[in-house]
Amino acid sequence: MPLRSILLRTILLVTLAFAGAHFEGATAFAQEAQTQAAQTQAAAPAPVDTPFDQAAKEIEKAKTELVALQDSVKGNADNDDALVGLATKADELSRAVITISVNLRPRFDQIKNRLSEIGDPPKDGQPPEAEIVTQERNALAAERAQINAVTGDAENLSIAVTKLVNEIIEMRRRLFADTLFRRTEISVSVLDDAAGAFVHETGEFSQALSSWTSFVWKFKRFPLFAAIFLSLASALILLSGSYRLFGAYLRRDEAIENPSYIGRLSIAFWSTLIRTLALAVLLVTSFFFLNSFNVLRPDIAPVIGALFGTIGLVYFVGRFVNAIFAPHEPHWRLVRLSNLGARSIGYCLLAMAIINGLDYFFGSIGEAMGSPLVLTVVRSLIAALIIGMILIVASFGKPMLAKNGDPDAPGRHWPRGMAIILRVVGAGLIVTALAGYVGLARFVATQLIITGAVVATMYVGLLSGKAISRQESFGDTFFARFLTRRFNLGPVAIDQAGLLVGLAIYAVALVVGVPLILLLWGFHVQDLQLIAYRLFTEVKLGGISISLLGICTGILLFAGVYLLSRWLQRWLDSNVMARSHVDLGVRNSVKTGIGYLGVGMAAIIGVSSAGIDLSSLALVASALSVGIGFGLQNIVSNFVSGLILLVERPFKVGDHVVSGTAEGIVKRISVRATEIETFRKQSIIVPNSELINGLVGNWTHRNKIGRSEIPVSVSYDADPQQVMDILLELTAKIPLVMRNPEPQVEFLRFGPYSLDFELRFFLADMGDGMTVRNNLRIEILRRFKAEGIEIPLPQSDLTIHRDAAPVLANAAKERTDGQDDPKNKPIEDEERPVRQLRGRTADGLKS
């Protein structure tokens, strides 16, 4: 083979080899790129839903839940407990639907603002706009339409949920009424059936109880004792803490023969409330721990719960009877009953409570054992009859205190109206029960006892709060003496603390009593929870929605921002501007401006946090501007001046001020005018703008310290130094006169007939000035008389010349012309000026 062909073949093979290698590398690179792209695509996160997509999904979910709730309501129309739970779920669904609309509102506002910025599309004949602007407007309009559609669905769904809630409320109301007014035929056969059912129920319950007790003793002994120990510990902790805080109000001191009204009320309220709550904690925790440790079987648990409820009811009524009627301690009694009357009424109430409790307890046994309805009806019938007869018998008693006030003496009959009420109620219970309305009779009997006891206890609590909050009444209590010793509080602080304690007692009485009454009248715990939630989160006043929680948050934020601004104000004034040697006027202006700014910011933040729409303030501002334009400048000026006076407080109520022709005590400062009462008890109404624009003197601006002066004049024969020493000595004996600054005496002048001094001293309270000055003047006069210092009267020297006598005689003769006795008259007239002159000399003139 020629060399040339060999070389060509070699070059061709090498070229093909390089091409193959390049093709394989490209193929491998492409495969690797595809693999990386697939991995990147797999690792990339799924697209995130927009707020609109999330809202649409939540709307669909809410519609599904609404359909399920509607089906459940139809299936449980006769079950009140199930309807309560469904109502709670419906309320939660309603709040969730409202939240969907609220979450879309910010995006809707953004779209609205952006569309306003873009403006409307150009009309015919106008220059066309950019394509990108048109696309943005169309996209925003489409999104706004979608949001409107979702918001409309949410509103319709909210209306449907509200309708469902109203239907549930109506069902529960109708079910409650049907239960109360359900009539059962009362006959001998019914009583026979009930007797047989009672025997059968007693046997089954005895067997179930014995099997349960043997099971617990063999297998649940340790959990039983652990539950009892934990419940006892909880009750003892509450009771011991209560005794430490309210020990003086839980026990009656037998050594006190005539306890105060506040003491009787306080012991009656707190002893009933705290001891009942301690027993309730014991019973509730016992049931909780027994159930948590699996000690109770499903058939025994409701019976044990009913037993604990009966024990709590009877104990509460017993404590109430002992607190209000005090059968064996007449000096602690809150009602005017004799000893025999207090014991008899107390026994009647306790007996009715026991009967009601046993009816409830045996009813729970019947429900657990699956007893027939006839047994429950007959049992409630017997309880209603017994309670009715007790009321009728009690109406014929003589429980009222005798006229002589002796509790051991035979009492008097009930007031006529009260006796009639007891008989009517008792007869009504008997007739209602015998007529077949056993449920209504049982409900009325229960409310008479339990609700009556709760209301009476609440009333005693409210009376206790009222008595304690009365002015100068709290200081005599044990708690007030403790506060005085512990915190060294004065009478004013103790009186203010009494007001707070009274309000706290009001709150305790209402918070404890109102829920109990609602529970007794058919409400469930879920209902109370829902009411409390709405009260703290949403309260509607017309078109405004506020919440107590928001209001409390707003108050706290206002206080925090206000205190922060005050701290910044003091820090800038005492550090920055003081070190920079800023002028005092500038410092005061900056300090005042920061104070106003801090108050304004605190008010805005607090109001916004409280949930109040600030747009209403804009309406008020616009209304004020319109009013100013129509001639309300003076009113607005007075209004703003009043705000300045209230915030800046150049004077306050009780200050002694001088403004123009008005001087007196400030009685009231309103946003329009200020009332000043003069010392002649005349009320002067001064517009606030005059007080802002004019000069106002305030004698008690910073404090009530003021200077008093007493001018003293003595004769020229007195020793000036002795006079000054006497004045200072007498002033030093007055306790109300301040020692710093010291009293001073100034020798004012040499008068025309006396030496003039002025005693000057300072008083801590200018209101004592008149009393101190009067007492000092009296003491000065006494001391001057004892020291022989004369206080001169005005003097004048009169000289009579003898040549004036004929002139006086002629004048007297002319005056006596025409008189009946001209011989004697001139002599009398001539001597009259001399006598007159002597008389005036006796009055202090020297001739």
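Each residue takes its place number in the sequence, starting with 1.
The neighbour count for F198 CZ, taken as heavy atoms of other residues, nucleotides or ligands under 6.0 Å away, does not exceed 12. The number of heavy-atom neighbours closer than 6.0 Å to CZ of R336, taken from other residues, nucleotides and ligands shown, is 12 or below. The number of heavy-atom neighbours closer than 6.0 Å to NZ of K466, taken from other residues, nucleotides and ligands shown, is 12 or below. Annotation: D78, atom CG; neighbour count of heavy atoms from other residues, nucleotides and ligands within 6.0 Å does not exceed 12. Environment of NZ in K89: sparse, with no more than 12 heavy atoms of neighbouring residues, nucleotides or ligands closer than 6.0 Å. For H200, the NE2 atom is loosely surrounded, since the number of other residues' heavy atoms within 6.0 Å does not exceed 12.
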Derivation of the side chain to side chain contact (heavy atoms under 4.5 Å, CB included) call for L391 and R423
CA-CA 7 Å; L391 291 175; R423 293 166 193 170; over 6 Å; no
Go through the steps for N356 and I387 under the test side chain to side chain contact (heavy atoms under 4.5 Å, CB included), then give the verdict.
CA-CA 9 Å; N356 259 295; I387 293 175; 3.2 Å; yes
Derivation of the side chain to side chain contact (heavy atoms under 4.5 Å, CB included) call for L463 and F269
CA-CA 9 Å; L463 288 179; F269 177 68; over 6 Å; no
For a side chain to side chain contact (heavy atoms under 4.5 Å, CB included) check, start with the C-alpha distance between T276 and T457, then their side-chain angles and the critical distance, and finish with the verdict.
CA-CA 12 Å; T276 303; T457 305; over 6 Å; no
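Across all their heavy atoms, P407 and L401 have their closest contact at CA-CD1, 3.7 Å. Here the shortest heavy-atom pairing between A268 and L334 reads CB-CD1, 3.6 Å. Minimum interatomic distance between A384 and A433 (heavy atoms only, all atoms of both residues): CB-CB, 4.0 Å. Closest of all the heavy-atom pairs between R333 and I324 is CG-O, 3.9 Å. For the residue pair F325 and A342, the shortest heavy atom distance occurs at O-CB, 3.7 Å. Nearest approach of H331 to R264, heavy atoms of both residues: O-CD, 3.5 Å.
Side chain of R183 to main chain of Y437: no donor-acceptor pair is present (N/O by atom type, distance under 3.5 Å, no hydrogens or angles). No side-chain donor-acceptor contact under 3.5 Å links T451 to the backbone of L448. A donor-acceptor pair under 3.5 Å is absent between the side-chain atoms of S338 and the main chain of P410, judged by distance alone.
Put simply, OG1 on T376 and CG on L381 are 12.5 Å apart, with the number rounded to the nearest 0.5 Å. Distance check: K163 NZ to S94 OG gives 15.0 Å after rounding to the nearest 0.5 Å. Note that CZ of F293 and CZ of F225 are 13.5 Å apart. Values are rounded to the nearest 0.5 Å. Taken from CG in L349 to CD1 in I354, the straight-line distance is 11.0 Å, to the nearest 0.5 Å. The distance from atom CG of L86 to atom CZ of R172, rounded to the nearest 0.5 Å, is 10.5 Å. A distance of 14.0 Å separates CG in L224 from CZ in F229, rounded to the nearest 0.5 Å.
Residues R221 and V216 fail the side-chain proximity criterion, which asks for heavy atoms closer than 4.5 Å. Annotation: side chain of L385 is in contact with side chain of L434 (closest heavy-atom distance under 4.5 Å). In this structure, V295 and W212 have side chains that are in contact, with non-hydrogen atoms separated by less than 4.5 Å. Counting only heavy atoms from C-beta outward, the side chains of V444 and T432 never approach each other to under 4.5 Å. Using a 4.5 Å heavy-atom cutoff, the side chains of N322 and H328 are not in contact. Contact annotation: the side chain of V284 never approaches that of F308 to less than 4.5 Å [non-hydrogen atoms, C-beta and beyond]. The shortest distance between side-chain heavy atoms of L296 and F287 falls below 4.5 Å. The shortest side-chain heavy-atom distance between M458 and V512 does not fall under the 4.5 Å cut-off.
Within the structure, the side chain to side chain donor-acceptor pair (under 3.5 Å) test picks out the following pairs touching residues 284-305 (sequence neighbours left out): S211-R297, S231-S286, R297-D299. Screening residues 335-389 for ring-ring contact (aromatic ring centres under 6.0 Å, His included) gives no qualifying pairs among residues at least two apart or on separate chains. Applying the salt bridge (charged side-chain N to carboxylate O under 4.0 Å, His left out) test to every pair with at least one member in residues 428-448, sequence neighbours left out, gives these pairs: D359-R442. For the ring-ring contact (aromatic ring centres under 6.0 Å, His included) condition, the pairs that include at least one residue of residues 443-465, sequence neighbours left out, are F176-F443, F443-W521.
Taking E329 as the reference, R252 meet the salt bridge (Lys or Arg N to Asp or Glu O under 4.0 Å) condition, with sequence neighbours excluded. By the side chain to side chain contact (heavy atoms under 4.5 Å, CB included) test, K398 pairs with H413, sequence neighbours left out.
Salt-bridge check for R173 with E170: passed, with a basic side-chain N closer than 4.0 Å to an acidic carboxylate O.
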